[in-house]
Amino acid sequence: MDDALILWYTKNKRSLPWREPGVTAWGVLVSEIMLQQTPVARVEPIWLEWMARWPVPSGLAAVSQGEVVRAWGKLGYPRRALRLHAAAAEIAAHHNDIVPSDVDTLLALPGIGDYTARAVAAFAYSRRVPVVDTNVRRVVARAVHGAGDAGPASNARDMADVEVLLPAADAEAALMSIALMELGAMVCTARTPRCVDCPIFGSCAWQKAGRPEYTGPAKPVQRFAGTDRQVRGLLLDVLRDTDGPVTRARLDAVWADSGQRDRCLDSLLVDGLLEQTDAGLFALPGEH
DNA sequence: TAGTCGTGGTA
DNA sequence: TTACCAAGACT
């Protein structure tokens, strides 16, 4: 599939700001963190703001946690903002303000797991490393294994599956990695794959098998309404919309169930997304 | 390892 | 409308 897929990518890739020439490894890292479980369209404007405001890790590290959480806006999973802030501080202090290119060094940074470490190594430094995200797992499940969709993630197996697809040369392998992801995002999609537009249609094992349905275990459904995640989001939203510390009463107003409210408020304090002032008010971390 | 952690668009 | 889905990490 190699040549056809890479050629397809070079002709059809989306022009995203973090793919522009001259974007630094820091820019790539910020994009990858923001893109975790988050659609491209929502990330774009925030990424542009962050790059204009904090073009190097030390710039981000210099501002308060609260400022970072505020700038994160409504991207979701705001603990990512705190971890990225902490990673920036480590990069500034221990890596000369340069994002590491080595996978193991990247993995040691907060908020950077298997996917993100390899994505940075491949996309920012053109390293030949398997990059396995949900898109790639789906493409491999179909094109290689002939299944309707990917089953539960299995790190070692998934990495081995992708490893054998990578060309020998670093630069070409990195292109293959991004091409696999782009194919999964734009053509080999979860719901309605656009196989008529697929550059590897002719070699796809799923086509050859007659497009069988997915038979693996059902994927767990993530509910949201009524969960702690919703309540935490509502609580944090009060602080994001306010300049200074707020009263307990302001927070109490966002959710009726006091038990759940208290539990969520406490968890936000534990996570460091909120702080309590000496006067008993609540503030974003560092903003009081 | 299965559960948890936000948010909003889409079919 | 509800349910699924979106470049995961952490515990």
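A note on names: the letters A, B, ... follow the listed sequences, proteins ahead of strands, and every chain is numbered from 1.
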Protein-nucleotide distance (Asp114(A), atom CG; dG8(C), atom P), rounded to Å: 13 Å
Passing option when Asp149(A) is tested against Arg142(A), Arg137(A), Lys219(A) for side chain to side chain donor-acceptor pair (under 3.5 Å): Lys219(A)
Hphob cluster co-occupancy, Leu75(A) + Tyr77(A), side-chain heavy atoms under 4.5 angstrom: no
Under 3.5 Å side-chain donor-acceptor pair for Glu287(A) and Ser64(A): no
Touch class at under 4.0 angstrom, heavy-atom based, for Arg19(A) against every strand present: base
Rounded distance in Å - CG (Leu35(A)) to C1' (dA9(C)): 15 Å
Nearest-Å distance for atom pair CG/C1', residues Asn135(A) and dG8(C): 12 Å
Same apolar cluster (I L V M F W Y, side chains within < 4.5 Å links), Val56(A)/Ile33(A): no
Trp72(A): partners by ring-ring contact (aromatic ring centres under 6.0 Å, His included), with sequence neighbours left out: Trp50(A)
Touch class at under 4.0 angstrom, heavy-atom based, for Pro152(A) against every strand present: nothing
Integer-rounded Å distance: dA7(C) P and Leu16(A) CG: 12 Å
5′-ward residue of the pair Met181(A)/Gly111(A) relative to DNA chain C: Met181(A)
Span that lies between the C1' atom of dT1(B) and that of dA6(C), in whole angstrom: 23 Å
Rounded distance (Å) that lies between atom P of dA7(C) and atom NZ of Lys13(A): 18 Å
Heavy-atom side-chain contact between Ile200(A) and Leu183(A) under 4.5 Å: yes
Nearest-angstrom distance, P atom, dA7(C) to dC5(B): 22 Å
Whole-Å distance separating the CG atom of Asp271(A) from the P atom of dA9(C): 18 Å
Position toward the 5' end of DNA chain C (nearest nucleotide), Ile178(A) or Leu109(A): Ile178(A)
Sugar-phosphate, base or nothing in reach of Thr134(A), heavy atoms under 4.0 Å: sugar-phosphate
Sugar-phosphate only, base, or nothing, as touched by Ala119(A) at under 4.0 Å among non-hydrogen atoms: nothing
Distance in angstrom units between Leu265(A) CG and dC5(B) C1', rounded: 17 Å
Near-strand residues of residues 23-32 of chain A, defined as heavy-atom separation under 4.0 angstrom from DNA chain B: none
Side-chain donor or acceptor of Thr242(A) paired with backbone N/O of Val238(A) under 3.5 Å: yes
Letter per nucleotide, 5' to 3', of nucleotides 6-11 of chain B [B base touched, S only sugar-phosphate touched, - untouched; heavy atoms, 4.0 Å]: BBBBBS
Note: Arg128(A)-Glu163(A) ion pair, threshold 4.0 Å (strictly below): yes
Touch class at under 4.0 angstrom, heavy-atom based, for Trp72(A) against every strand present: nothing
Pairing of Arg194(A) and Asp197(A) as salt bridge, 4.0 angstrom limit: yes
Touch class at under 4.0 angstrom, heavy-atom based, for Arg14(A) against every strand present: base
C1'-based separation of dG8(B) from dT1(C) [nearest Å]: 16 Å
Atom-pair distance (CE on Met186(A); C1' on dC5(C)), nearest Å: 15 Å
Qualifying residue, where the test is ring pair (Phe, Tyr, Trp, His ring centres under 6.0 Å) with Trp18(A) and the options are Trp26(A), Phe123(A), Trp47(A): Trp47(A)
